[in-house]
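Each remark here refers to the structure printed beneath this line.
Just so we're clear, the structure is a prediction, and the values are computed from it rather than from any experiment.
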Amino acid sequence: MEEQNVPRRSIAVGVDASAEAENALAWAAAEARRRDLPLTLVHGVGPSVTTWMEIGSPNLREVLDTMIAAGRDLLDRAQARVLELAPGVDTYQILRLAGPHEALMALAPEAEMIVVGTRSAASRGVPLPDVAERLVAEQPPCPVIVPRAGGPDPKLGMVVLCDGSPESRVTLVRAWRRARENGQPLTVLLCLPDPPADGPATDLGLMDAMARMESELGPSLLGFERALVADMVAELRSALPGVDAQLFVDDAAIDECLKRVPLDADMLVAGAPHARRVAEVVGASETDEACATAILPPLLPEERDAAGAAAGASDPGTSVAGDGPSDEPTSADRVRARRWTRLGARRGN
């Protein structure tokens, strides 16, 4: 099957027949136009072929031809829609005999970001957390964006989940830059990272309660993270002024803000260590009008290492060279990271 050659730093968006995919397409087209990036329309026909085979179609070639023709038609209509929404954006098409998730993941190493709807046409009823978690579980080397179903509303501002780790600092810097560029208010929430995926099942609420109890008794990882996040915010207020930023480190304030996030924010931003918490926060919303979600990729092992190389993952915002603090860990960050790592080891993570 012939495919167009897709340039690096393209925005890859999943295309199918659902209203959610149409919403994702509109968001991706606007982002591509705003940032002057190419847009790649991606459609996978794997699940559709499986469905046809299950109902007993006798001719696989006929099934494939039908699915490919339908996929091409979807992509052509999507491209025409992009021309209406964002004229001038360079648009490419990818059709693969694979599931939508696999088709998008194949582009992740070269993509600027992956944009997907809250549900696909092939899996109606699957909530946003399942879609986002599946992509993040494979640690794609680019951000995953799930736009809000009701359309963007920049005046609502952004919320970023943060802890005291170097990885969290990278996430905060990138969210701050986007908020500054868009003139949006920014809310910074102190949140413990998700428990290890290969560890025992852990209730996040119980984990938070135990960490808060521990911090009341004396020095603790949570207490240290409060100080680190406050330092990060103070640094950014000085280096990148002009952002209306609020910091919540008080337990009650954090909990209340988390409850309101799905409806009170335009976008929720988090690094991969907070993917599960993002899923639970957004999944708790009782409406499809939940905020957009941006899950940034995990840092590479050498980037997480306090003495390692700089974090170089793509980000969903636009940064200006030399503007504000670098994404690279500073010497102070490395000292903090060593302390944070030691405390984390004592806590059993």
Side-chain angles (χ1 to χ4, degrees), residues 3-4 6-16 18 20-35 37-47 71 74-75 78-79 82 86 89-96 98-123 126-149 152 170-171 174-175 178 267-272 274-275 278-279 282 291-300 312-318:
E3 293 182 349
Q4 298 179 354
V6 178
R8 289 175 55 87
R9 296 198 66 207
S10 172
I11 296 176
V13 56
V15 172
D16 60 34
S18 67
E20 290 82 4
E22 171 70 18
N23 180 68
L25 177 67
W27 191 97
E31 187 75 356
R33 185 178 186 182
R34 183 180 72 87
R35 299 180 56 188
L37 291 173
L39 181 65
T40 301
L41 313 177
V42 184
H43 180 71
V45 299
L74 271 174
L75 289 170
Q79 186 157 351
V82 172
V89 170
D90 291 336
T91 309
Y92 301 82
Q93 296 184 9
I94 293 290
L95 177 65
R96 286 191 171 153
H101 170 261
E102 288 77 13
L104 287 164
M105 280 295 298
L107 298 180
E110 300 293 327
E112 179 72 3
M113 66 179 69
I114 293 174
V115 183
V116 292
T118 55
R119 300 175 180 85
S120 68
S123 58
V126 176
L128 177 151
D130 291 343
V131 176
E133 282 187 328
R134 187 177 179 194
L135 285 167
V136 173
E138 295 191 21
Q139 300 187 352
C142 68
V144 177
I145 313 291
V146 186
R148 66 160 46 240
V170 172
T171 299
R174 290 169 176 172
R178 185 181 180 99
M267 178 174 284
L268 174 62
V269 181
H274 289 102
V278 168
V282 180
C291 64
T293 304
I295 300 179
L296 306 191
L299 302 187
L300 299 173
S314 301
D315 75 278
T318 302

Derivation of the side chain to side chain contact (heavy atoms under 4.5 Å, CB included) call for Thr293 and Met267: CA-CA 5 Å; Thr293 304; Met267 178 174 284; over 6 Å; no
Tyr92 side chain near Leu41 side chain, heavy-atom distance below 4.5 Å: no
Glu102/Met105 under side chain to side chain contact (heavy atoms under 4.5 Å, CB included): CA gap, chis, key distance, verdict: CA-CA 5 Å; Glu102 288 77 13; Met105 280 295 298; 5.6 Å; no
Minimum heavy-atom distance Ser18-Ala21, with the two atoms named: OG-N, 3.1 Å
Nearest-0.5 Å distance that lies between atom CD1 in Ile11 and atom CG in Leu25: 11.0 Å
Spacing of CG belonging to Leu37 relative to CE belonging to Met113, to within rounding of 0.5 Å: 7.0 Å
Nearest-0.5 Å distance that lies between atom SG in Cys142 and atom CD1 in Ile295: 11.5 Å
Spacing of CD1 belonging to Ile94 relative to NE2 belonging to His43, to within rounding of 0.5 Å: 13.0 Å
Heavy-atom pair of closest approach, residues Val115 and Ala24: CG1-O, 3.7 Å
Thr91 side chain to Val89 backbone, donor-acceptor under 3.5 Å: yes
Residue pair Ala103 / Ala98: nearest heavy atoms and the distance that separates them: N-CB, 4.4 Å
Glu112 and Arg35 ion-paired at < 4.0 Å: yes
Qualifying residue for side chain to side chain contact (heavy atoms under 4.5 Å, CB included) with Leu104, from Val144, Val13, Ile114: Ile114
Stepwise side chain to side chain contact (heavy atoms under 4.5 Å, CB included) check, Val82 with Leu39: CA-CA 9 Å; Val82 172; Leu39 181 65; 3.7 Å; yes
Atom of Pro109, atom of Pro141 and distance for their closest heavy-atom approach: CA-CG, 3.6 Å
Result of checking Val42, Val45, Leu107 against Arg96 for side chain to side chain contact (heavy atoms under 4.5 Å, CB included): Leu107
